[in-house]
Amino acid sequence: MAENVGLTISRCGRLAIPALLFAVSFYLATPHLADEFWYDEAYTLIHFATGDLLTPFTDYSAPNNHILFSMMLGLWRGFLGIETLSVFGLRLLPCLMFTVATLVVWLVFEKISAKSGALAALIFATSHVALNFSCQLRGYGPSWLPVGVALLGLVLHLDNPRIWTALLYALASAVAVGIVPTNLLVCGVLALWAVLDSIPQKPWRNGKLALRLLWICATPFAGLLFYVCVFPELLEHGRKNWNADATVLGVWGEWLWFTLKDLWLLAPLLVAGVGSLLIQVMKKTEVALGARRQLCLIVACLVLPPVFLLMPHNVPYSRTLTPLLPLWLGCLALPVAAAVKALRESLPRVGAAISVLLLGFLILSGVKREAEGAGYGQRYGREDKPFTLYDMYCHHGFHPLKTMEQLGELAGKKKITAFTDTSDLFALIFARSITQKFEAPFMYYRSEKIDAEDMRRHLVGRTPIFISCSLTRAEEMVSFLREKIPDTIPAGLEVREICNAGFFKIYCLASTGKDEADAGFSPTETRGE
């Protein structure tokens with residue numbers, strides 16, 4: 001009887017950890033289910049995640065198409081039905097993938113180093129950067145699930161090579177690349193780790209081991225088969241899609257900075273843990289093999305990404321490295337867990353309390369960062385340069401739905417033509433398709449290709465309205481119109497803000513020096529909160 005009770009308690013304990021991880025990750029991610037969509041997400045929904053299974057595989061007109069995730073998102077939209085299409089419903093898919101990825105991180109790091117799985121999963125699930133991407137309708141966050149499964153397959157294969165473990169790694173790594181092609185870098189980290197871990201076995205003398213490593217290194221390239229119909233476009237966008245303003249030091253420094261910003265209180269444990277692992281490696285025991293494997297994974301994560309950043313003539317955007325997060329943050333847990341283990345051995349009476357306090361600290365600090373908005377709310381000033389991994393897409397000030405509602409109010413007073421620029425257009429168009437609450441005003445694309453007569457025709461009997469994120473950009477649109485159709489926009493008018501929906505602002509033309517806009521809109525009567 002006592003044995004049965006003990007067995008039941010043990011089983012409940014094993015279930016308690018994944019249940020806690022699922023609850024924490026889901027709780028911290030759910031506020032982002034209400035984040036309104038932004039340009040790239042709307043572009044993906046309009047052009048690629050349409051529900052047509054072939055569209056993602058045959059159209060790569062923009063790198064917004066994360067092929068396999070676009071396909072999944074299109075199927076998800078079809079499953080929900082157009083009547084229930086909502087920001088919440090759409091974001092639920094990547095949110096669920098994030099919570100499952102958290103459980104995979106726990107499982108795989110528990111196999112790499114016993115007692116480090118829960119720590120790795122909590123560091124990942126409470127990271128503000130991970131949460132920033134957890135519910136986005138792009139493939140970067142959903143990549144975490146196949147990346148974690150690929151690592152799990154690789155760990156199992158290195159421990160006990162089997163056909164099914166090799167296939168698990170191969171399939172998961174190919175899927176990761178099929179979502180985002182730059183995930184070849186993440187798979188490269190895994191392959192480098194496998195090579196470093198196998199060096200003591202002298203693979204150059206062992207043909208069977210050499211073939212296994214070749215399989216591990218080559219398999220992720222199978223993911224490029226998903227791009228077979230769009231490969232020329234993929235290469236062309238790959239050649240252009242770099243951030244001209246970034247530097248290798250800036251991108252890599254940003255990653256180091258966000259890590260310290262979230263986890264600086266763990267720095268002493270991190271340093272002590274690395275020292276503990278190095279000491280263990282010097283011992284000729286089975287413990288040394290485990291410590292060496294952990295250090296090899298840490299080295300692979302530290303070495304390969306900076307080398308990758310040096311390869312192109314321009315540096316990629318910081319988000320390109322986002323799928324690396326489960327490995328990067330999981331590797332932080334390895335030395336921290338080693339330090340905690342040393343503390344527990346030296347202080348056995350309070351060992352359990354140390355572990356509980358550490359896990360509690362991670363959960364509470366994650367909740368606190370999210371409650372305070374962390375990197376949010378700091379990008380709207382004239383001199384602000386946002387920390388792109390924290391505040392890349394201005395979720396908390398980006399309200400296209402609210403903008404469309406305000407445009408609806410304006411359209412009820414006068415016939416209007418709404419102009420906006422390329423960076424705002426698709427989010428607004430998609431907002432219009434969701435709301436369907438009013439006859440939407442005409443959305444116009446500011447482009448040199450637009451015919452002047454066509455533009456003039458759309459302004460006949462209508463009042464021009466300008467949607468932009470700043471007065472400067474609105475004035476640029478007015479200058480553009482005056483250049484294209486000088487007889488349509490009278491002289492002596494200035495741009496005046498009449499509505500503010502957060503990131504988007506709505507402007508009209510008013511006579512210089514007058515309080516009221518000539519268009520008939522009061523600058524204050526429809527101003528947002």
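FYI, side chains are in, hydrogens and waters are out, and symmetry mates aren't considered; it's all heavy atoms of this structure. We number each residue from 1, following the sequence as shown.
- Ser61 and Asp59 share a side-chain donor-acceptor pair at under 3.5 Å.
- Residue Leu20 holds its CG atom at 5.0 Å from CD1 of Ile363, rounded to the nearest 0.5 Å.
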### Query
When you look at Leu53 and Leu75, which way does the side chain to side chain contact (heavy atoms under 4.5 Å, CB included) test go after all the steps?
CA-CA 8 Å; Leu53 289 179; Leu75 293 174; 3.4 Å; yes
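- Side chain of Trp76 to main chain of Gly89: a donor-acceptor pair is present (N/O by atom type, distance under 3.5 Å, no hydrogens or angles).
- Not a single donor-acceptor pair under 3.5 Å links the side chain of Ser173 to the backbone N or O of Ala150.
- You'll find the side chain of Val105 stays beyond 4.5 Å of the side chain of Leu329, heavy atoms only.
- Less than 6.0 angstrom separates the ring centroid of Phe124 from the ring centroid of Phe98.
- Residues passing the side-chain contact (heavy atoms from CB on, under 4.5 Å) test with Leu103 are Pro18, Leu21, Phe22, sequence neighbours excluded.
- Side chain of Trp144 to main chain of Thr322: a donor-acceptor pair is present (N/O by atom type, distance under 3.5 Å, no hydrogens or angles).
- When ring centroids are compared, Phe48 and His66 stay outside the 6.0 Å threshold.
- Here the shortest heavy-atom pairing between Pro142 and Pro146 reads O-CD, 3.2 Å.
- In this structure, Arg77 contributes its side chain and Leu45 its backbone to a donor-acceptor pair below 3.5 Å.
- Rounded to the nearest 0.5 Å, atoms CG (Leu362) and OG (Ser127) are 11.0 Å apart.
- Counting heavy atoms from C-beta on, the side chains of Ile465 and Thr417 never come closer than 4.5 Å.
- Using a 4.5 Å heavy-atom cutoff, the side chains of Leu92 and Leu96 are in contact.
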#### Entry: Criterion side chain to side chain contact (heavy atoms under 4.5 Å, CB included) on Glu236 and Tyr60, from CA distance to verdict
CA-CA 10 Å; Glu236 180 64 18; Tyr60 205 79; over 6 Å; no
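- Taking 4.5 Å as the limit, some side-chain heavy atom of Leu266 sits within range of a side-chain heavy atom of Phe361.
- No donor-acceptor distance shorter than 3.5 angstrom exists from the side chain of Tyr140 to the backbone of Thr320, with no hydrogens or angles considered.
- Note: Asn64 CG to Ser70 OG = 8.5 Å, rounded to the nearest 0.5 Å.
- No more than 12 heavy atoms of other residues, nucleotides or ligands lie within 6.0 Å of CZ in Phe221, so this atom counts as exposed by the packing criterion.
- Using a distance-only test at 3.5 Å, with no hydrogens or angles considered, a donor-acceptor pair links the side chain of Asn183 to the main chain of Ala176.
- The only option from Tyr507, Phe419, Phe480 that meets the ring pair (Phe, Tyr, Trp, His ring centres under 6.0 Å) definition with Phe466 turns out to be Phe419.
- At a threshold of 4.5 Å between non-hydrogen side-chain atoms, the residues Leu234 and Pro181 count as touching.
- Taking each heavy atom of Arg138 and Phe69 in turn, the nearest pair found is O-CE2, 3.5 Å.
- By the 4.5 Å heavy-atom criterion applied to side chains, Leu324 and Val189 are counted as neighbours.
- Among all heavy-atom pairs drawn from Ser143 and Ile179, the shortest one is OG-CG2, 3.5 Å.
- Note that NE2 of His128 and CG of Leu28 are 11.0 Å apart. Values are rounded to the nearest 0.5 Å.
- Across all non-hydrogen atoms, the minimal contact from Cys187 to Val177 is SG-CG2, 4.1 Å.
- Side chain of Asn65 to backbone of Pro56: a donor-acceptor contact under 3.5 angstrom is found.
- When every heavy atom of Asn132 is checked against every heavy atom of His32, the shortest pair comes out as CA-CE1, 4.5 Å.
- Scanning all heavy atoms of the two residues, the minimum distance from Phe226 to Phe57 falls at O-CD2, 3.7 Å.
- Checked against a 6.0 Å centroid threshold, the rings of Trp252 and Trp328 count as neighbours.
- To the nearest 0.5 Å, atom CG of residue Leu471 and atom CD of residue Glu476 are 10.0 Å apart.
- Going from atom CD of Glu41 over to atom CZ of Arg91 covers 4.0 Å, rounded to the nearest 0.5 Å.
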### Task
Check step by step if side chain to side chain contact (heavy atoms under 4.5 Å, CB included) holds for Leu171 and Val149.
CA-CA 9 Å; Leu171 179 61; Val149 174; over 6 Å; no
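- Considering only heavy atoms from C-beta on, Leu407 comes within 4.5 Å of Ile467 through its side chain.
- Lys413 has its side chain out of reach of Thr463: every pair of non-hydrogen atoms, C-beta onward, lies at least 4.5 Å apart.
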